[in-house]
Amino acid sequence: MDGEIELRVDGRRRRLRVDTRTTLLDALRDGIGANAPKKGCDHGQCGACTVLLDGRRAITCLTFAVAHDGTEVTTAEGLADGERLHPVQEAFLERDALQCGFCTPGQVCSAIGVLDEAAAGHPSVVTEDLTGPVELTDDEIRERMSGNLCRCGAYVAIVDAVRDGAR
Amino acid sequence: MPFDYRRAPDPEGAVAAATGWPGVAFLAGGTNLVDHMKLGLAAPDVLVDISRLPLDTVAELPDGGLRIGATVRNADLAAHPVVRRDYPVLARALLSGASGQIRNLATTGGNLLQRTRCVYFQDLTTPCNKREPGTGCSAIGGYTRHHAILGASAHCVATHPSDMAVAMAALDAQVAVLGPAGRRVVPLVELHRLPGEEPHRDTVLSPSDLITSVDLPPLPPGTRSQYRKVRDRASFAFALVSVAAVLRVEDGVVRDARIALGGVAHKPWRARRAEDVLLGSPADEEVFRRAIDAELAGAAPLEGNGFKVPLTRNLAVSALRELSREER
Ligand SMILES: Cc1cc2nc3c(=O)[nH]c(=O)nc-3n(C[C@H](O)[C@H](O)[C@H](O)COP(=O)(O)OP(=O)(O)OC[C@H]3O[C@@H](n4cnc5c(N)ncnc54)[C@H](O)[C@@H]3O)c2cc1C
Ligand code: SF4
Ligand code: FES
Ligand code: FES
């Protein structure tokens, strides 16, 4: 069965027809050529497919596109303001927080989610005081970014980049 | 029959759409169901999308308790100010599960009904009584690091993977269900089944039963709670063993103790025997040890998971010690 959906992807309105069992990831990549989110594991385990859905970070490989009709999708490609990169993207470049770059679009979207969640005072499992303000220590960053794997092992620099992004 | 996807207009409509179709499944966040469709473990021919139902709020109840809608996202529940303040065991259990970008999709109802991560269950090439009744259990005599030490049967030794459900079991949560015959309430500790001779049935629900909300009763003043989880890596992994503990100590005596264990059984395991030992006893380490030993006396570890017995004991004692010490 097919379904007709409308998404706003990186600021552009996109109408598309999808088989209702198409994942959001496949609809983005194969349906409209938004190739920033990557298919790493296709099972929720690596975070390479992470985007922002209505501003919140989410994986796209375990959710069907039809379920997101009307949603605003921001991929790593849509983060820059014209030629000016998002501060988190700048920080990744500055800190050399990548090697092959396959995981990077997901890392960057996830990092933006982490910064927003921390700013809103949302605790993580390593936060001592669940009701207090959140300070993004390196332990906090590691815990909050644990849904994004990096085959190249750029983790140390990724923590540096997220810490810089928080400033 | 061709595959069909429908978006439910309201809870009643969702149940009506699901009634009478053997191959129907509710779709919430999709993080377990879509995975299972890809793996070939689930092949529903009708999906009823419930993710946009107006069941996405957390409301304070007149008695001081909390009503959690079935489609509240795990991330939103963990971040809710009342959950963080009054039910830290629940906030920590949620935050210890999956990843930030999964918790933003995963829902209360879906989390409760997620299925075992038994590797043989997920592998279509191996026999499994849960997946295909009567074919046998590949885990028995196989790789059992993640399997049960309590309440298992000769037909299945799987564990329930949810962290959230373990905290809710310790909190005496009540699950509201809307089915074809109307509404009913199922205590969370009775929602999941032990495997017995029918391991293919995870819970007491039928496929057209919709979970609409979960109620948490209020905790008396002075009650403290904690969730502890041990896993093979520091983050983003399922529990080997976990402990949810709710404790109230007055003048050195245990007045309320509710303990649930995760990673040890086919359901969140409420440790009633341990609670019986604790109630009315001095809140000291010797009592904590005796209590958890009483519970674990019934443990029947498999070849590959004997480590879970001392691990559970140490984790539970350490959680109770911490709760009895803290003065806040
Ligand atoms: C990589 C990875 C790591 C994970 N790690 C953890 C972990 O450490 N700890 C942990 O606890 N969990 C973990 N999870 C599991 C995760 O918590 C669950 O996948 C999630 O909670 C399921 O919620 P959902 O809304 O996405 O459910 P769905 O996938 O939409 O549904 C799951 C099941 O519940 C049924 N269902 C959903 N809502 C209702 C309802 N209201 N009424 C009746 N039936 C319903 C569906 O029909 C389906 O059978 C992990 C998942 C992944 C992919
Ligand atoms: S433990 Fe249960 S789920 Fe795992 S193989 Fe045996 S029957 Fe299947
Ligand atoms: S591709 Fe989605 S998490 Fe790996
Ligand atoms: S940079 Fe290669 S996978 Fe992360």
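Quick caveat, the model's predicted, so the values are computed rather than measured.
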Are any non-hydrogen side-chain atoms of [X] and [Y] less than 4.5 angstrom apart?
X: B:Thr108; Y: B:Asn111; value: no
X: A:Phe92; Y: A:Gln107; value: yes
X: B:Arg228; Y: B:Glu322; value: yes

Salt bridge (charged side-chain N to carboxylate O under 4.0 Å, His left out) partner of A:Asp160, the single match among A:Arg167, A:Arg95, A:Arg142: A:Arg95

If you count heavy-atom pairs within less than 4.5 Å of chain A, which of B:Arg84, B:Gln101, B:Arg92 leads? B:Gln101

Greatest number of heavy atom pairs closer than 4.5 Å to chain A - which of B:Met37, B:Arg52, B:Arg85, B:His80: B:Arg52

Could you check whether any side-chain N or O of B:Ser324 sits under 3.5 Å from a backbone N or O of B:Leu320, counting only pairs where one atom can act as donor and the other as acceptor? yes

Please look at A:Thr127 and chain B and tell me whether the side chain, the backbone, both or neither of the residue comes under 4.5 angstrom of a heavy atom of that chain. backbone

Taking side chain as everything from C-beta outward and backbone as N, CA, C, O, which of these in A:Cys61 sits under 4.5 Å from a heavy atom of chain B? Side chain, backbone, both or neither. both

Return the option, out of [options], with the maximum number of heavy-atom pairs under 4.5 Å with chain B.
options: A:Thr63, A:Leu53, A:Val66, A:Asn148; result: A:Val66
options: A:Gly44, A:Pro123, A:Gly3, A:Ser124; result: A:Pro123
options: A:Leu149, A:Asp129, A:Thr23, A:Asp42; result: A:Asp42

Heavy-atom distances under 4.5 Å only: say whether [X] touches chain A with side chain, backbone, both or neither.
X: B:Asn104; answer: both
X: B:Leu27; answer: side chain
X: B:Leu47; answer: side chain

Taking the six-membered ring of B:Phe3, is the NZ or CZ of A:Arg21 close enough (under 6.0 Å from the centre) and on axis enough (within 45°)? yes

Basic-acidic side-chain contact under 4.0 Å: B:Arg6, B:Asp49: no

